Number of protein chains: 2
Amino acid sequence: MEIFSKTCEYAIKAVLYLYTKQDRFAKIGIPEIAREIKSPVSFTAKILQKLSQRGLIRSAKGPGGGFYIGRKRKSIFILDIVNAIDGKESLNTCALGLKNCSSSRPCPMHFEILDCRKAIRNLLGSQSIEELSKKILSNEVYLVN
Amino acid sequence: MEIFSKTCEYAIKAVLYLYTKQDRFAKIGIPEIAREIKSPVSFTAKILQKLSQRGLIRSAKGPGGGFYIGRKRKSIFILDIVNAIDGKESLNTCALGLKNCSSSRPCPMHFEILDCRKAIRNLLGSQSIEELSKKILSNEVYLVN
DNA sequence: TCAATAAAGGACTTTATTGTCTTTTATTAA
DNA sequence: TTAATAAAAGACAATAAAGTCCTTTATTGA
Ligand code: FES
Ligand code: FES
C-alpha cells in the first residue's frame, strides 16, 4: 500500500533538493544531498548514479564535482522520476496480479483501479519539480521532519 | 507503485472466492481455494489462517472442514481485508517517508496525495465483497486469467 | 606529472517479503 | 477409541529490496 519504493522516495527528494539550488550548474556532492534529505549516503549515491544515467540530472567527477541540473531543459514531473526508477509498467500492472491487465478480461478491481490510476498518473504528471522546489524554498512544504 | 502486497492480493481473491459460494456454510479446503485463485498452497494457508483469526472468515478443522463465510454478517469491503492484512496505518504513512504525515508540516506531495488517498479509501471502502463476487459469478470479472 | 577529489561501478550484507515444509491440534466418522 | 482428515502453528528456505563498502575511473589544480 506504500505509494513509492524507498529508492523512489530518495530519488524524488534528491532531485527536488537539487532544484532548490538557484544556480543550475552548482555541483552538489553526495554527502550534502544525503544529509539534506536524510537518506543513507551510499544508497543515495547509487540512486543519483541511476538518475544521471537516465538523464534526469547531470554529474561531474573530480574535485569540485557533484550532481547538478544543467542547462535549461523542459520541465520534469514526479512521474518522470518514478518512471525512470521503477519503469513505466509499474502503473499498469493488474492490482490483483493477473498476467495482463485488460478491460476485456478484467479482475474484480480493474475498472475502479483504472480510475484511481488515472488520477494518480494525472497527479504525478502535473506536479512539476520546479514548482514543488519553489514551495520548499518558501517553507510551504518540507523534505525532512 | 504496486497497490497491494502479494499477501493482500491472495487474501482478497481468497475471500472473493469464498463469497462466490451460495452456501455460506459450505466448507472449502485450502487446495481448492489455492487452485481457483492460482496461489501457492502453503502460503495461502497462512493467509487464510490470518483472515480467520481476524474474523473475516471462519474455519473448521477435521474431515469435511475448511473455510467458509458463516452466518449472516454485515457487508465487508476490500478495505476491511487490506486493513486486516496490512494494518490500518498503511494508508496514512507519508508518501515521501517523513516520520509523521501531517498538514502542519507537509512533504512536497502531501496535499495532492491526500486527495488521492481519499479517493482510494473511498474506492476500497465502497466495493462490497458480495457485489464483487456476484460479478465473478456472472463472468463480468475474473479471478484468474 | 602527481596527489587529491568525487562520481562510477561492482561485490557484498542485511532485512523484509514471499513461499515451503513438518509437526501439532482439533474434529469427524467408522 | 481409533484412523483419517484438515486447519493451526512454527521452523525453515528462496527471493527481492534496501543498504554498505571497496576499488576503479575521471577530473582538477598544484
Ligand atoms: S485486470 Fe486487474 S487491474 Fe486490470
Ligand atoms: S507529509 Fe508526506 S504525505 Fe503527508
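Keep in mind that the numbers below use all heavy atoms, side chains included, and drop hydrogens, waters and symmetry copies. The model shown is predicted, which means the values in this text are computed figures rather than measured ones. Numbered from 1 within each chain, the chains take letters A, B, ... in sequence-line order.
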Which nucleotide in the set C:dG9, D:dA7, C:dC21 lies at the smallest distance from any side-chain heavy atom of B:Ser59? D:dA7
Rounded off to whole Å, could you give me the CG-to-P distance for the A:Leu51 and C:dA7 pair? 14 Å
Which label fits B:Phe25 and B:Tyr68: parallel for a plane angle under 30°, tilted from 30 to 60°, or perpendicular past 60°? tilted
Could you give the distance from CD1 (B:Ile113) to CD1 (A:Ile120), rounded to the nearest 0.5 Å? 7.0 Å
Considering only heavy side-chain atoms of A:Lys61, the closest of D:dA18, C:dC21, D:dT25 is D:dT25
Contact class for B:Ile28 (heavy atom, under 4.0 Å): base, sugar-phosphate, or nothing? sugar-phosphate
Evaluate the side chain to side chain contact (heavy atoms under 4.5 Å, CB included) criterion for residues A:Tyr19 and A:Ile76: first the C-alpha distance (whole Å), next the side-chain angles of each, then the deciding distance (0.1 Å), finally the verdict. CA-CA 11 Å; A:Tyr19 269 86; A:Ile76 65 167; 3.9 Å; yes
Within this structure, what is the NZ-to-C1' distance between A:Lys50 and C:dG10, rounded to whole angstrom? 14 Å
Would one find a side-chain N or O of B:Tyr10 under 4.0 angstrom from OP1 or OP2 of C:dT18? no
Roughly, in whole Å, what's the span from CD in B:Glu32 to P in D:dA7? 11 Å
Determine whether the side chains of A:Glu2 and B:Ser90 contain a donor N or O and an acceptor N or O closer than 3.5 Å. no
Relative to the 5' end of DNA chain C, which residue comes earlier, A:Gly64 or A:Gln53, by the nucleotide with the nearest heavy atom? A:Gly64
Roughly how many Å is it from OH in B:Tyr68 to C1' in C:dT27, rounded to a whole number? 12 Å
Could you state the CZ-P distance from A:Arg58 to D:dA26, rounded to the nearest angstrom? 19 Å
Is it true that A:Ser128 and A:Ser75 share a donor-acceptor pair across their side chains at a distance under 3.5 Å? no
Within this structure, what is the NZ-to-C1' distance between A:Lys38 and D:dG19, rounded to whole angstrom? 18 Å
Measure CZ/B:Arg54 against P/D:dA8 and give the value in whole Å, please. 13 Å
Any A:Ser52 side-chain N or O less than 4.0 Å from OP1/OP2 of C:dA8: yes
Could you give the CD-to-C1' distance, from B:Glu2 to C:dT17, as a whole number of Å? 14 Å
Within less than 4.0 Å of OP1 or OP2 of D:dG10, is there a side-chain N or O belonging to B:Gln49? no
Nearest of D:dG19, D:dA8, C:dT5 to any side-chain atom of B:Phe67? D:dA8
Result of checking A:Leu16, A:Asp86, A:Leu51 against A:Ile81 for side chain to side chain contact (heavy atoms under 4.5 Å, CB included): A:Leu51
Using the side-chain heavy atoms of A:Lys46, tell me which of these nucleotides is nearest: D:dA9, C:dT18, C:dG10. C:dG10
5'-most by nearest nucleotide on DNA chain C - B:Pro63 or A:Ala60: A:Ala60
Could you tell me whether B:Ile30 contacts a base, only the sugar-phosphate backbone, or nothing, with contacts defined as non-hydrogen atoms closer than 4.0 Å? sugar-phosphate
Of the candidate nucleotides C:dT18, D:dA18, D:dA6, which contains the atom at the shortest distance from the side chain of B:Lys6? C:dT18
So if I take every side-chain heavy atom of B:Pro40 and compare against C:dT25, C:dT20, D:dT20, which nucleotide ends up nearest? C:dT20
Closest-nucleotide mapping onto DNA chain D: is A:Gly62 or A:Ser5 further toward the 5' terminus? I mean the 5' end. A:Ser5
